[in-house]
A.B. asks: 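Dumping the structure here so I can ask a few things about it.
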2 protein chains.
Amino acid sequence: MPPKHITIRGRCPRGRAAVRLGSDVPSNTAYIVSRSVFIQLDGAGQLVAANSVSRSPCVLEEDDLAILRAFSHARTQEAALHTVRQERSLSPEAFAQAVERLRGNNILTPVRADYRAEDSGYVPASTGFASFALHHWMLRDSVRVMAYRSAILPHVRDKVVADLGCGTGILSMFAAQGGARHVYALEESEVAALARMMFRANGMEDRVTLLTGNSKDIQLPEPVDVIVHEILGIDPFFENVIPYIDDARRRFLRPGQGTLIPHKIEVCCVGVEPEFVPSIAHRARLEAREFSGMYGLDFSPYLHVLEQADEINDDATFPRRANDFRVGFFEQAILSEECVVRTIDLAGDLEAQTAGETLSSLKIRAGGRLGSLLMFFRAHLDDRLVLSTSPFSPRTHWGWAVRDLPRALSVNAGDEITLTSSLLTVAGRQKLKVLPK
Amino acid sequence: MPPKHITIRGRCPRGRAAVRLGSDVPSNTAYIVSRSVFIQLDGAGQLVAANSVSRSPCVLEEDDLAILRAFSHARTQEAALHTVRQERSLSPEAFAQAVERLRGNNILTPVRADYRAEDSGYVPASTGFASFALHHWMLRDSVRVMAYRSAILPHVRDKVVADLGCGTGILSMFAAQGGARHVYALEESEVAALARMMFRANGMEDRVTLLTGNSKDIQLPEPVDVIVHEILGIDPFFENVIPYIDDARRRFLRPGQGTLIPHKIEVCCVGVEPEFVPSIAHRARLEAREFSGMYGLDFSPYLHVLEQADEINDDATFPRRANDFRVGFFEQAILSEECVVRTIDLAGDLEAQTAGETLSSLKIRAGGRLGSLLMFFRAHLDDRLVLSTSPFSPRTHWGWAVRDLPRALSVNAGDEITLTSSLLTVAGRQKLKVLPK
């Protein structure tokens, strides 16, 4: 993937270990460069290493590349230092400091460590999803959590399950509640310590194994039947769901019969302009389009009846509740039909589905000044249930992403605007760029 | 229960039948006084008949009582007219009009009607929960719907299920999705026509039987293993859940082994005063208390960690999302601990649990002017999952009920206010009255 011209400010943060899982590393531990690391040349000509959503990308320092080369096959520190000093003069102290920094950022990671043990030598990330505040936002989003619970329960009985990026462990615990034979909960940040406490508090330690580390570096002891994952940003690619699923599917999932929850992601948008408040009747009809997916049922009779109903109006039926309809981005006009920019079948050929540019058509239904695209996604949790962040669905913690166009376009009803989308990697994180052609 | 001094305005509404299930009644149909009718003397000395949340209470007219007496055992119109005319002079036309009015309000209801048939003679209610707007509000409340889905799925496989007041049929369809052997969906209002279309659209007609009528008048063809019900108002008694469950439990549920979803209701309150906005950190900690019930898991480690977290603050962590914490009644100070006013075990002795006055203690935690009680409830859907309308939970369509006290009280931290509660019946609907003693 092409390097992106960005400037990375700052250096690798030192591991802050408020909830530290262990730092006493046996001296004979061998390290390897984490499989999750993505190294990219930035616009200033610096090498930037990024490897997860929970660690800031960091600029590699002068000796780092030689050190990483030395560790490119599993090496103890002693053996690696010997290799490095064949080509560079580097003091053992400077080498040890560099290794500690790279290890603290999971650029170097222990080999064959017991990822279950608290003294594995793995340094959990202390930023990103180590934040309890983020997990609180996700936990209070019961639209998200109950959609997953409802999808997980029927698919895990007597199955082996992996939960990628388990966070507080809630989805792993739902899998245990649903009768999973065993659950492997993978987490790279310090929130893993909380997940461990949660499994214990809920009496699930025998069925749920916490593995601390980046999923790309972890070996599971057995194939799994189900992979549960919620590594979705509001740009659903931004937490690198594609490369993580690609790896987990190949190395973890029972070939040919494994289940992914979710198994399909649609990236969608609508075109918007400022200053617009829809009627309550209009909003109700827009929302109702989402019910089929939300609840896994065919709501077409409901939609049909609602289209004909004359009783839904602002003043009579919903006097006290009108404001609930007006939160969020409905201050912005929605000028277009919904446009599906990308559909990714996570069980399919991921490279083919994400490579190159894709064209899609944004159908204008109301004339105006098209200034931004409001982006959202739909995650298909099973064949029926859809978790949607659409502006027409009950609001989730994700909210919506508004991408301003390079310049506003005057549009008329009936116009079709061609959008091009391409998946970029910026500082190791994937991002969908969507623009009018 | 004692008569309540209220004035009922208006007479029985004529059945408006926008979605009519059928009105051609065979002339030999026998009628009986609906078992759901509750007749009460109002403050003006008028007899008021009320029988459901979907029909307005109506004042009985001069000849109505004689007509109801005549139909007090199953009678055809011809036989009843004969009986009435033995004591009163009443023209056949006036009699027929009165019968039609009483029948249209389900005060008279057909006997042994096939409640499955669209020509059963039952007149579905055209008000109350016949409103699509109400159902839209309930459907977009995914906190509510997904809590029920999540609780229903694991408890219905190969079971026979009854859904009291099925509305659009969504909970019945979840039971069918969960593998129920058969589902009986009971609905007294015109929304039943939509439920019928939904069952058809979802290919569930063979497993879901729609029975139109009031549950108290319906005979089920077989005992059920599970009763699913969501006949809960924000005062949870207001849709008469107690008498309906009392009846359904005795007549529908398989004795000794049946399941109620929900099986327990707690009515709660906190004392409030105006003008107060809590910090985000405070609000996060309050909300987190609800997660154990919402998700059926022990969240004590999470709570413990959150208590110690210093990173949740208004300005740094949640700058863009701060408003989400400030919706609703948090403009009012919460001066007290939560107080459970009543706990009703729906599988227990309902009469004993609802009779008389109950005392409870409202513990004041912050001094101020105690002006109102903010009422909410918790419905225990199974042994783990709790659907809560607490102000500390994600908001549901119910919102909260604020009951102003007869006069505001000055309170200090540490005070305990004794509350008395008693269940009244007003115009046929139950209501919990809560007052400081």
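Protein chains get the first letters and strands the later ones, always in sequence-line order, with residue 1 at the start of each. Computed from a prediction, not measured in an experiment: that's the story for all the values here.
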A.B. asks: Taking all non-hydrogen atoms of both residues, which atom of A:Ser142 and which atom of B:Val143 are closest, and how far apart?
C.D. replies: OG-CG2, 3.2 Å
A.B. asks: Less than 4.5 Å apart, any side-chain heavy atom of B:Leu385 and any of A:Met146?
C.D. replies: yes
A.B. asks: For B:Arg149 and A:Arg149, run side chain to side chain contact (heavy atoms under 4.5 Å, CB included): C-alpha distance rounded to whole Å, both residues' side-chain angles, the deciding distance at 0.1 Å, then the answer.
C.D. replies: CA-CA 10 Å; B:Arg149 186 180 198 271; A:Arg149 185 180 198 271; over 6 Å; no
A.B. asks: Considering non-hydrogen atoms only, spot the tightest contact between A:Leu153 and B:Pro154 and give its length.
C.D. replies: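 For A:Leu153 versus B:Pro154, the nearest heavy atoms are CD1-CG, 3.9 Å.
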A.B. asks: Is it the backbone or the side chain of B:Ser150 that comes under 4.5 Å from a heavy atom of chain A, or both, or neither?
C.D. replies: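 When you check distances to chain A, atoms from both the backbone and side chain of B:Ser150 fall under 4.5 Å.
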A.B. asks: Grab the two heavy atoms, one from A:Asp298 and one from B:Asn202, that are nearest each other, plus how far apart they are.
C.D. replies: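 Minimum heavy-atom separation between A:Asp298 and B:Asn202: N-OD1, 2.5 Å.
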